[in-house]
Amino acid sequence: MTKVAFIGLGVMGFPMAGHLQEAGYDVCVYNRTAAKAASWQDTYGGCTAESPKLAAQNAEVVFLCVGNDSDVRSVVYGEQGVFAGMQEGSILVDHTTASADLARELGAAAEKRHIAFLDAPVSGGQAGAENAALTVMVGGEAANLLRISAMLETYAKHVGLQGPVGTGQLAKMVNQICIAGVVQGLSEGLQFAKNAGLDQEKLIAAISKGAAGSWQMENRSATMWQGEFEFGFAVDWMRKDLQIALAEANSNGSRLPVTALVDQFYGDVQANGGNRFDTSSLITRLGNSKP
């Protein structure tokens, strides 16, 4: 069996690593909270390690799925980082949504160690990870992606090579920019519909199949209408992603006025205690509906 390591067992990494184990790969996991790693082992089997280095030893492929740039650096570098355990010719795959600058940094550091690197952020949320329906946006060399394509297919419905190292992260930024505008538009539309006294089911049936339709409308409009916001990707993480996109925009000369505004709106949600609400909670800042 191909030996792989998976570092980071959050709401995404936990099922992703599980799909790899169930597909027959020999998976060793590491998580900063050891109890989470033990729970994963109880669920899927495989093995756990006490450090990223130990998880990565003898692994042909090491996957990361952690929180942000600093989290990635903390599990990659140092005496207990994955680089200390990885062998020449292996591949490091970063599923974290992080900056393109970090991806290029890791790519250069990996090359010095004769290790291949792919930045490969994912989209699809917790449900996509659990249902093996993620989209993976990859930056790196096509030959390296080909080596791990079967692994990615255990939890992804679409894998697309965007270009050299860093372009996977840039593509994920575009993804989050687009989502931000769509969720804000849907929030305003639903709030308007409530205040106008429209029937939610009839309304969505009428408009979801036309130009106004979106994944957000199909999957979140009913729960937004009911004020339920416990469905995956948290506001805290969305703000982190939007800050990455806004910083990149400042460096490449892009104007993102809507994205910047929606980022502030998510700040309002956080200020009202909605840090762990999912991203559809933008509607909460629009005020109470008419009875």
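Given the structure is predicted, the values throughout are model-derived calculations rather than measurements. Heavy atoms only: backbone and side chains are in, while hydrogens, waters and symmetry mates are out.
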Open item on the list: I'd like to know if the side chain of Tyr30 and the backbone of Lys53 have a donor-acceptor N/O pair within less than 3.5 Å.
Closed with: no
Open item on the list: Quick one: does any side-chain atom of His19 pair with a main-chain N or O of Ala156 as donor and acceptor, under 3.5 Å?
Closed with: no
Open item on the list: With a 3.5 Å distance limit and no angle check, can you tell me whether Asp119 reaches the backbone of Gln169 through a side-chain donor-acceptor pair?
Closed with: yes
Task: Side-chain touch Lys240/Asp236, heavy atoms, less than 4.5 angstrom - done: no
Task: Heavy-atom closest pair, residues Val138 and Thr167 - done: O-OG1, 4.0 Å
Open item on the list: For residues Val165 and Leu161: do they belong to one hydrophobic cluster (side chain heavy atoms under 4.5 Å, members Ile, Leu, Val, Met, Phe, Trp, Tyr)?
Closed with: no
Task: Side chain proximity check, Met224 to Leu186, heavy atoms < 4.5 angstrom - done: yes
TODO: Identify whether Leu256 and Leu282 are in the same connected component of the hydrophobic contact network (ILVMFWY, side-chain heavy atoms under 4.5 Å).
DONE: no
Open item on the list: Is the positively charged end of Arg285 above the ring of Phe265, judged by distance under 6.0 angstrom from the centroid and angle within 45° of the axis?
Closed with: yes
Open item on the list: Testing the basics here: between Ser70 and Asn68, what is the closest heavy-atom pair and its distance to 0.1 Å?
Closed with: OG-OD1, 2.8 Å
TODO: Report the C-alpha distance between Arg73 and Asp69 in whole Å, list the side-chain angles of each, state the deciding distance to 0.1 Å, and finish with yes or no for side chain to side chain contact (heavy atoms under 4.5 Å, CB included).
DONE: CA-CA 6 Å; Arg73 290 188 176 98; Asp69 285 27; 3.7 Å; yes
Task: 4.5 Å side-chain heavy-atom contact, Phe231 and Asn219 - done: no
Open item on the list: Testing the basics here: between Gly46 and Gln41, what is the closest heavy-atom pair and its distance to 0.1 Å?
Closed with: O-NE2, 3.1 Å
- [ ] Please report the closest heavy-atom contact between Gly166 and Ala100, naming both atoms and the distance.
- [x] O-CB, 3.8 Å
- [ ] Any ring pair (Phe, Tyr, Trp, His ring centres under 6.0 Å) involving residues 49-99? Give me the pairs, sequence neighbours left out, ordered by first then second residue.
- [x] Phe6-Phe63, Phe63-His95, Tyr77-Phe83, His95-Tyr155
Task: Reported CE-to-OG1 distance for the pair Met173 and Thr97, which is rounded to 0.5 angstrom - done: 9.0 Å
Open item on the list: For residues Phe14 and Leu134: do they belong to one hydrophobic cluster (side chain heavy atoms under 4.5 Å, members Ile, Leu, Val, Met, Phe, Trp, Tyr)?
Closed with: yes
TODO: For Ala37 and Leu9, work out which heavy atoms get closest and say how close.
DONE: CA-CD1, 3.7 Å
Task: Non-hydrogen atoms of Ser187 and Ser280 that approach each other most closely - done: OG-O, 4.3 Å
- [ ] With the side chain counted from C-beta on, respond yes when Glu60 and Val4 share a heavy-atom pair under 4.5 Å apart, and no when they do not.
- [x] no
TODO: Measure the SG-CD distance between Cys178 and Gln216 for me, rounded to the nearest 0.5 Å.
DONE: 11.5 Å
Open item on the list: The test is side chain to side chain contact (heavy atoms under 4.5 Å, CB included); show your working for Leu106 and Val76 and say whether it passes.
Closed with: CA-CA 9 Å; Leu106 292 177; Val76 170; 3.9 Å; yes
Open item on the list: Check whether Asp94 reaches the backbone of Thr96 with its side chain - one donor and one acceptor, N or O, closer than 3.5 Å.
Closed with: yes
Task: Donor-acceptor side-chain pairing of Ser99 and Asp101 below 3.5 angstrom - done: no
Open item on the list: Check for me, please, whether Leu170 and Phe117 land in the same ILVMFWY cluster - side-chain distances under 4.5 Å, paths through other members count.
Closed with: no
TODO: Compare all side-chain heavy atoms of Ser149 with those of Val159 and state whether any distance is below 4.5 angstrom.
DONE: no
Open item on the list: I'd like to know if the side chain of His114 and the backbone of Gln87 have a donor-acceptor N/O pair within less than 3.5 Å.
Closed with: no
- [ ] Take Glu228 and Arg220, measure what salt bridge (Lys or Arg N to Asp or Glu O under 4.0 Å) needs, and give me the verdict at the end.
- [x] CA-CA 9 Å; Glu228 300 171 358; Arg220 293 290 179 263; over 6 Å; no
- [ ] Find the distance between CZ (Arg113) and OG (Ser90) and round it off to the nearest 0.5 Å.
- [x] 11.0 Å
Task: Beyond-backbone contact of Leu145 with Leu152, side-chain heavy atoms, under 4.5 angstrom - done: yes
Task: Within-4.5 Å side-chain heavy-atom neighbours: Val93 and Met151 - done: no
Task: Donor-acceptor under 3.5 Å (Ser39 side chain, Lys36 main chain) - done: no
TODO: Could you grab the distance from atom CD of Gln243 to atom CG of Asp263, nearest 0.5 Å is fine?
DONE: 4.5 Å
TODO: List the steps, then state whether side chain to side chain contact (heavy atoms under 4.5 Å, CB included) holds for Gln184 with Leu261.
DONE: CA-CA 10 Å; Gln184 178 62 22; Leu261 188 60; over 6 Å; no
Open item on the list: If we ignore hydrogens and angles and just use 3.5 Å, is the side chain of Glu50 paired with the main-chain N or O of Ala34 as donor and acceptor?
Closed with: no
Task: Shared hydrophobic cluster for Tyr25 and Ile7 (ILVMFWY, side-chain gaps under 4.5 Å) - done: no
Open item on the list: Would you compute the distance between atom CG of Leu64 and atom CG of Leu92 and round it to the nearest 0.5 angstrom?
Closed with: 5.0 Å
Open item on the list: Using a 3.5 Å distance criterion without hydrogens, assess whether the side chain of Arg147 forms a donor-acceptor pair with backbone atoms of Ala143.
Closed with: no
Open item on the list: Taking atom CZ as the centre, does Arg32 end up with more than 12 heavy-atom neighbours from other residues, nucleotides or ligands that are less than 6.0 angstrom away?
Closed with: no
Open item on the list: Quick check against the 3.5 Å criterion: does Lys194 have a side-chain atom that pairs as donor or acceptor with the backbone of Trp225?
Closed with: yes
Task: Donor-acceptor contact below 3.5 Å, side chain Lys172 vs main chain Asp241 - done: no
Open item on the list: Contact between Val11 and Trp237 at the side-chain level, heavy atoms closer than 4.5 Å - yes or no?
Closed with: no
Task: Reported CE-to-CD distance for the pair Met16 and Glu130, which is rounded to 0.5 angstrom - done: 12.0 Å
Open item on the list: As a quick check of understanding, evaluate side chain to side chain contact (heavy atoms under 4.5 Å, CB included) for Phe233 and Ile179, giving each step before the final call.
Closed with: CA-CA 12 Å; Phe233 196 64; Ile179 289 173; over 6 Å; no
